[in-house]
Amino acid sequence: MYVIFDMDGVIFDSERAYIEAYKRLAPKYGLGDVEQACIDSIGVTFDKAREIFCSYKGGDLTALASSTRHATVSGMLDKAGLTERFSAIVCGDMVAHSKPHPEIFFTAAERLGAPAADCWVIEDSYNGIRAAHNAGMHPLMVPDVLQPDDEMLKLADAVLPSLIEVKDYLDNIRFEEVKK
């Protein structure tokens, strides 16, 4: 399972959920205790943190895909200290087509080395949900300004009120897959 985040309306509420997601998803991939990897990654460079996590998984772990220009995304993530948390960052000015076209999510998945069907996209916008759905990914809507309408209820795998509920939702999916 790979997770691709949108930024605006989503990412700046996600750091705690992001770290918890690593710990909760680890058993599904046979990673064991990633809490120590999280602890070992505090205060180290991005390359070192990636090395630590990849020693558990053997590949990249998550991505950010935002329609916002790269310069803006970089500035905001840098100020929040989140840039190094993402294995891949794809921005609106790095692709030819804007959401609802799925190109931005295909590009993020490609940079992760992940099949589209294994990607869960956390989005707040209608066009983001459309793009994730069009990519054959699993869109999860976390409403911000726009509330879900009938189309969003149909296209999204789930509409969840916060990133904590996203974490719980993904935990339940993992639990059901483990039971199989």
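Just so you know, residue 1 is the first one in the sequence shown, and it goes up from there. Model, not experiment: these values are computed from the prediction.
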Spatial distance of atom CD (Gln147) from atom CG (Asp124) [nearest 0.5 Å]:
10.5 Å
On a heavy-atom basis, the closest approach of Ile173 and Trp120 is CD1-CH2, 3.1 Å
Using a 4.5 Å side-chain heavy-atom cut-off and chaining through intermediate ILVMFWY residues, the residues clustered with Phe106 come out as none
Looking at residues at least two apart in the chain, or sitting in another chain, which of them share a side chain to side chain donor-acceptor pair (under 3.5 Å) with Asn134?
none
Using 0.5 Å steps for rounding, measure from the CD1 atom of Ile122 to the CZ atom of Phe5.
4.0 Å
Where Glu103 and His101 come nearest, the two heavy atoms and their spacing:
N-ND1, 3.0 Å
Closest approach of Ala109 and Ile4, non-hydrogen atoms and distance?
N-CD1, 4.2 Å
With side chains defined as the heavy atoms from C-beta onward, is the minimum distance between Ser67 and Lys99 less than 4.5 Å?
yes
Straight-line distance of Tyr169 OH to Asp157 CG, nearest 0.5 Å:
4.5 Å
If you take all heavy atoms of Ile89 and Met94, which pair is closest and at what distance?
O-CE, 3.7 Å
Please tell me if the side chains of Leu140 and Leu170 come closer than 4.5 Å, counting only heavy atoms from C-beta onward.
yes
How many angstroms lie between atom CG of Asn127 and atom CD1 of Ile104, to the nearest 0.5 angstrom?
11.5 Å
Within residues 125-134 or reaching into it, pairs that qualify as salt bridge (charged side-chain N to carboxylate O under 4.0 Å, His left out) - sequence neighbours excluded
Arg130-Glu151
What is the minimum heavy-atom distance between Tyr2 and Pro115, and which atoms define it?
CE1-CD, 4.3 Å
Would a 4.5 Å heavy-atom cut-off, applied to side chains only, mark Val3 and Val166 as touching?
no
Who are the side chain to side chain donor-acceptor pair (under 3.5 Å) partners of Thr107, not counting sequence neighbours?
none
Within a reach of under 6.0 Å around CG of Asp150, are more than 12 heavy atoms found that belong to other residues, nucleotides or ligands?
no
Using a 4.5 Å cut-off between side-chain heavy atoms of Ile, Leu, Val, Met, Phe, Trp and Tyr, which other residues end up in the same hydrophobic cluster as Leu146?
Tyr126, Ile129, Met141, Met152, Leu153, Leu155, Val159
Contacts of His70 meeting ring-ring contact (aromatic ring centres under 6.0 Å, His included) (sequence neighbours excluded), chain-then-number -> none
Shortest non-hydrogen contact between Gly128 and Ser125, atoms and distance:
N-OG, 2.9 Å
Should Lys167 and Leu163 count as side-chain neighbours, where that means a heavy-atom distance under 4.5 Å?
no
